[in-house]
Amino acid sequence: MGSVCRYLFSLCLVSSVLCRGRSEVRKITRRTAYGDSGGQQEPLDIEASTHQEQVETPDGFSLHLSSLQMSTISFCPLSGCVPCVRVYVRMNNSVPVIIDGVQIHFFEYKSNRNSEIQVRWRNHMPPLNTANFIYECFESDAGSKVEVRVKTIPDYGLQLTEEYNVEDYKTGPEMNYSVILKKKQIIVTVPPGRVLKAMLCYKRGMVCRELKNRSVLLINSTSSLFYEYLLPCLCIQVFYPGLDSSRTTVCPFTNTPKAFGPDLWKSSNFSDLIHHNNSMAVRLTGKCHIKPSVVLCWKSNGICEEFEESAAEFSKSVYVFESVDRHSQMCFKFKYKNSSHIECRNRPDTDWNVTMVTGSNQLLLTFSAHIPASFSAVLCKTIREECKNLTLIHSVTQTEFSTQKLLMILPAESHEFCVRVWRSDVVFSGKQLLCPQHLHHWLRLGLLSTLVMLAVTPLLVYMVWKLATKVISVPLWSRTVLIMYSPDSEEHIRLICAFADVLKTELCCNIILDLWDTGRVAEIGIVSWLYSKRELVEREGGKIIIIWSKRSQAMYNQWSMPDSGSRMNHSDLHDLFNTSMACVYNDILRNRRIKDYSIIYFDGLCNKENIPEIFTKIPKYRMLKDFSNLVCALQSAPKIPCGLKLGTKFLVRRILRSEKMQKLRNHIEQLAKLQRHGLLCCEECDCSD
């Protein structure tokens, strides 16, 4: 008990605002107690606890609205710093009661150590609804578990009790992180256990300023933090949510080259400071505390020409340049690490203008300025992109603020010379170049451009004509299409007919289907009919569509068995599927005409996995999801990208809303329902419906 009183050096009177969280662990060298009674500050007395008699509890008194909070801070007497538990008591009650103070009992489980003190008002207080008490602090060891009990003075028989784990104030929590630069995202991972808080901040010196609206609570897990600017001072902080908790701070971009790029300048503010007419000053403020070098430069035609000798020194975030032409074309060029930034300010009141009029053996220059200034001009001749001076320098001066214009006459034997003009009463001034021949130069360029266009236009017309010839040579809207399939069931045959009807009526394709040419098939046989139609497709640049189903997979497995002899037996005049497989198999083995084939399968009736691997090189389309891709393939002519076919999307949307397409959807849904219930049967049927 004596050790507690020995360090009570002074009593401080502060408001409850002192109970806010700190951004760093604060070291204290004296023990204090603070009090606040509903906004009325009162001095406190602290003394070792003595036994007090319990009194009758007033009507309406309760502690369910009150709170008891603890946090770890660093207590630093002369002997060194130790962990210390701060106790914050907030008394709340629905009715006013007499509260002279609080009695705080501190117990450390590990050492079985008890401490107890009383914190009282020095002066008598009237009945209160609210009262706040802060005591700092009880010494303890890092990692210890402590218990704090608080009673009112006088003792009304109720108390607040809380347990607390003392933090290690020397080290913060562990954390890992990863950065996704494209998403401007930092993923923070903490070990399981206690609830942690992670935030992004900009570190300037010893202080890390939190980014607004970018804090997040981590609950034994991984969370993402998003930043606006990638900066070298952007840091991650992880800490426990208690008061004065130690923080782990990591600044991952300190040496990252990308952190010194455009974001560094976008996040900065540039303030133009005006001292007098012949000086320029700029103040740089930003998220990071940097000291870039700054020079003046004259911006013309997109290029800013530097004045190397104009480097200014950094003084309290301000750069000052003396004897400068404060024209709008005079800019600041900032350089820092591997990046630079040009900042130009709008100063219309300090701009000066010059115009030139050509006369007989002379050039007339007219200067317009609103400030006292001197201007100089010299004739020069352009030689290898440089204008070399030819005459003496001519000057005029405006001695006072005036709106009158200055005139300067330069003798010129011809108009082939240019004039270099600048402000001559300051050290740093940009030079403007005026050339009378510029107009003729642009006229010559315009004439040359016109001649080039006249020469190129016939070539463009010829290329468009050749392109149109290629497109028209292969029918785009009347493509010949041969359909191969396996006769699964009557319902499946109807589905094939509905699909063929969509291609014929909506895309104007020339459909070749054995069901629509039964007389010819019966006359010459399925083998002759199929091979003749395949040759027709090749001549007309058409397509061969194989409609695949689960029944097709079973028939293919039977056909591909080595001992079945199905590959060589084409005597069955109605065996379209086996004959089709023989055609496709021969083309695949010879690696010919693969581009003519396409395989389609209907969603809900078949999957892509049901198609054998031998057809890997043949494009596959799932109906009706890939219908637009199939339309594109049917419309495309050789060497003509589908993206050049105007109106393809409009065409597909129209077809998908058509009556024929709705009929096809109904067939697909009906067949899928029958297949799910196992009601499909394979039998000979026709397409008379």
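The figures that follow rest on heavy atoms only: side chains count, while hydrogens, waters and symmetry mates do not.
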Which residues pass the salt bridge (Lys or Arg N to Asp or Glu O under 4.0 Å) test with Lys333, sequence neighbours left out? Glu306
Return yes when the gap between the SG atoms of Cys418 and Cys435 is under 2.5 Å; return no otherwise. yes
List for me each residue that meets side-chain contact (heavy atoms from CB on, under 4.5 Å) alongside Phe270, sequence neighbours excluded, and say none if there are none. Trp265, Ser268, Val282, Leu284, Phe334, His341, Glu343, Arg345
Partners passing side-chain hydrogen bond (donor to acceptor under 3.5 Å, both in side chains) against Arg622 (at least two apart in sequence or in another chain): none
Partner set under side-chain contact (heavy atoms from CB on, under 4.5 Å) for Val427, not counting sequence neighbours: Ser323
Residues two or more places apart in sequence or in another chain: which of them pass side-chain contact (heavy atoms from CB on, under 4.5 Å) with Ser224? Gln185, Ile187, Phe226
Taking salt bridge (charged side-chain N to carboxylate O under 4.0 Å, His left out) as the cut-off, I'd like each qualifying pair that reaches into residues 604-619, sequence neighbours left out, listed once. none
Partner residues of Glu669 under the salt bridge (Lys or Arg N to Asp or Glu O under 4.0 Å) criterion, sequence neighbours left out: none
Applying salt bridge (Lys or Arg N to Asp or Glu O under 4.0 Å), name anything that partners Lys184, two or more places apart in sequence or on another chain. Asp263
Can you list everything that forms a ring pair (Phe, Tyr, Trp, His ring centres under 6.0 Å) with Trp298? Sequence neighbours excluded, please. His327
Got a sec, which residues hit salt bridge (Lys or Arg N to Asp or Glu O under 4.0 Å) with Glu538, two or more places apart in sequence or on another chain? Arg593
If you measure from the Lys or Arg side-chain nitrogens to the Asp or Glu carboxylate oxygens, is any gap between Glu523 and Arg520 under 4.0 Å? yes
With sequence neighbours left out, write down each residue that passes disulfide bond (SG atoms under 2.5 Å apart) with Cys297, or none if nothing qualifies. Cys304
Lys533: what forms a side-chain contact (heavy atoms from CB on, under 4.5 Å) with it, not counting sequence neighbours? Leu482, Ile512, Asp517, Trp529
